[in-house]
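Here the structure is laid out as structure tokens; the discussion comes afterwards.
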There are 2 protein chains.
Amino acid sequence: MNLENEISLRQTLDRFNVLSDVEFSEFLKVCEYREFSKKDYLLKSGNYNHGIYFIISGVVGLFELIDGEKMYQNFFLENEFANELKSLSTQTPSTKNLIALTTINSFYLNRKKLLELYDKSASFERLGRKLLEHILNGQNEISYVLQSLKPEKRYEYLEIERPELLKSIPLTYLASYLGLARETLSRIRARK
Amino acid sequence: MNLENEISLRQTLDRFNVLSDVEFSEFLKVCEYREFSKKDYLLKSGNYNHGIYFIISGVVGLFELIDGEKMYQNFFLENEFANELKSLSTQTPSTKNLIALTTINSFYLNRKKLLELYDKSASFERLGRKLLEHILNGQNEISYVLQSLKPEKRYEYLEIERPELLKSIPLTYLASYLGLARETLSRIRARK
DNA sequence: TTCATTTTGTGATTTTCGTCACATATAAGT
DNA sequence: ACTTATATGTGACGAAAATCACAAAATGAA
């Protein structure tokens, strides 16, 4: 069970191809197992952000309150790193929130401990850099969708590129993610 | 003149607070001075991407051809690093283009040489990581604009947060950047 | 200076999407 | 099982933006 979780993490990190066995066990030492119930906040706006979460199971949403409405900006699924990097890197209070959309099993990675790892070996720093590259590529993609695609095509983007989101996340949240009115997305789906 | 350019670079890098004097002169060794005329391509879609450019002076645009139209996705001004990180990090042919919108003076930073630097000292890797964080924060911001702001507010975002773009870049290009029809942006500006 | 190219402005028209209102369905909590 | 809270569907309507068409202005090149 616990071992299984570590294997998930290992496999995810292996895709970046940087950590040796020894380094991985070093890495594991900074991982704290944490659980959350649905609607729990992993990060609340106004608070400082001290780390990131590796999602073992469940779905986490990143949102910002705008005119009293939750605008979802990202979703993190199994085997992804839930994060809000702006407040993490600048160490200023977060304007955004991370919320558990389901029950969550996760590993928490404390920022300070990660920075200490960075000092120990360049491999960890490299892992951090590669993870950032990965996140940035994802962010570029969603920008492209918002900039260039009409509502119907945005929905198709989800169908093709991120079908897991359609399955696990309420339409209402996806609408804000795609920059559309809830009703518009509902109608797009209706005519399919 | 040449010294002046190096000072610009130094000041820009100093904001990340990682390189010593010695490391900076090491860094300078991988910088190749390059000039471009207006309309030259720094990167052409279909080609491999072998590095990034520090812009000493001028403006570079990042665009993608969609239905035969240039969709501008970013602009790089003086003292910024013009880049297309997806093709650079994955080493696949670029789908995007970097084009000189004015005469350009730049330093070219070759990817391989940068990776070699990364191996030499963790400071360089850290610089790379911090630069990525910086780029990612910018990318998050433009996503927010596209997702949450109506056309008029998008224009105001430029007025307030990026006035240099309004001064130096044709309205037509800015329209695609903001995900709007050219005419819409022209009318927004007219009623101000 | 002249000609071609690029960029911007502006009206008329069409389309799409957002908004409002309310019904229904589904899930969650006691 | 009952009640409340969340989420979804759908029609009517209006506002806003896209599209089309063309003129004017600005920029660049020969």
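All figures in this text were calculated on a predicted structure; none of them were measured in a lab. In what follows, every chain begins at residue 1, and chains take the letters A, B, ... in the order their sequences are listed.
- Cluster note: Val22(B) groups with no other residue, as no ILVMFWY side-chain heavy atom lies under 4.5 Å from it.
- Rounded to an integer number of Å, the gap from Leu180(A) CG to dT8(D) P is 14 Å.
- To the nearest angstrom, C1' of dG18(C) lies 13 Å from CZ of Arg154(A).
- For Lys150(A), a side-chain nitrogen or oxygen approaches OP1 or OP2 of dT19(D) to under 4.0 Å.
- dA18(D) atom P lies 13 Å from atom CD of Glu69(B), rounded to whole Å.
- dC17(C) atom C1' lies 17 Å from atom CG of Leu149(B), rounded to whole Å.
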Evaluation steps, ring-ring contact (aromatic ring centres under 6.0 Å, His included), between Tyr177(A) and Phe75(A): CA-CA 9 Å; Tyr177(A) 178 61; Phe75(A) 302 100; 5.2 Å; yes
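- Atom-to-atom, CZ of Arg191(A) to P of dT8(D) comes out at 17 Å; the value is rounded to the nearest Å.
- Summarising the geometry, the separation between CD on Gln147(A) and C1' on dA18(D) is reported as 16 Å, rounded to the nearest angstrom.
- Across the protein-nucleic acid pair, Met71(A) atom CE and dG18(C) atom P stand 11 Å apart, rounded to whole Å.
- Seen from the ring of Tyr157(B), Arg162(B) does not count as a face-on cation partner, given the 6.0 Å and 45° thresholds.
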Nucleotide N/O to protein N/O under 3.5 Å, stretch nucleotides 6-12 of chain C:
unit_1, atom_1, unit_2, atom_2, d
dT7(C), OP1, Tyr173(B), OH, 2.5
dT7(C), OP2, Tyr173(B), OH, 3.4
dT8(C), OP1, Leu171(B), N, 2.8
dT8(C), OP2, Leu171(B), N, 3.1
dT8(C), OP2, Thr172(B), N, 2.7
dT8(C), OP2, Thr172(B), OG1, 2.5
dG9(C), OP1, Arg189(B), NH2, 3.4
dG9(C), OP2, Ser186(B), OG, 2.9
dG9(C), OP2, Arg189(B), NH2, 3.4
dG9(C), N7, Arg182(B), NH1, 3.2
dG9(C), O6, Arg182(B), NH2, 2.9
dG11(C), N7, Arg187(B), NH2, 2.6
dG11(C), O6, Arg187(B), NH2, 2.9

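- In this entry the distance linking CG of Leu101(A) with P of dA28(C) reads 12 Å, nearest Å.
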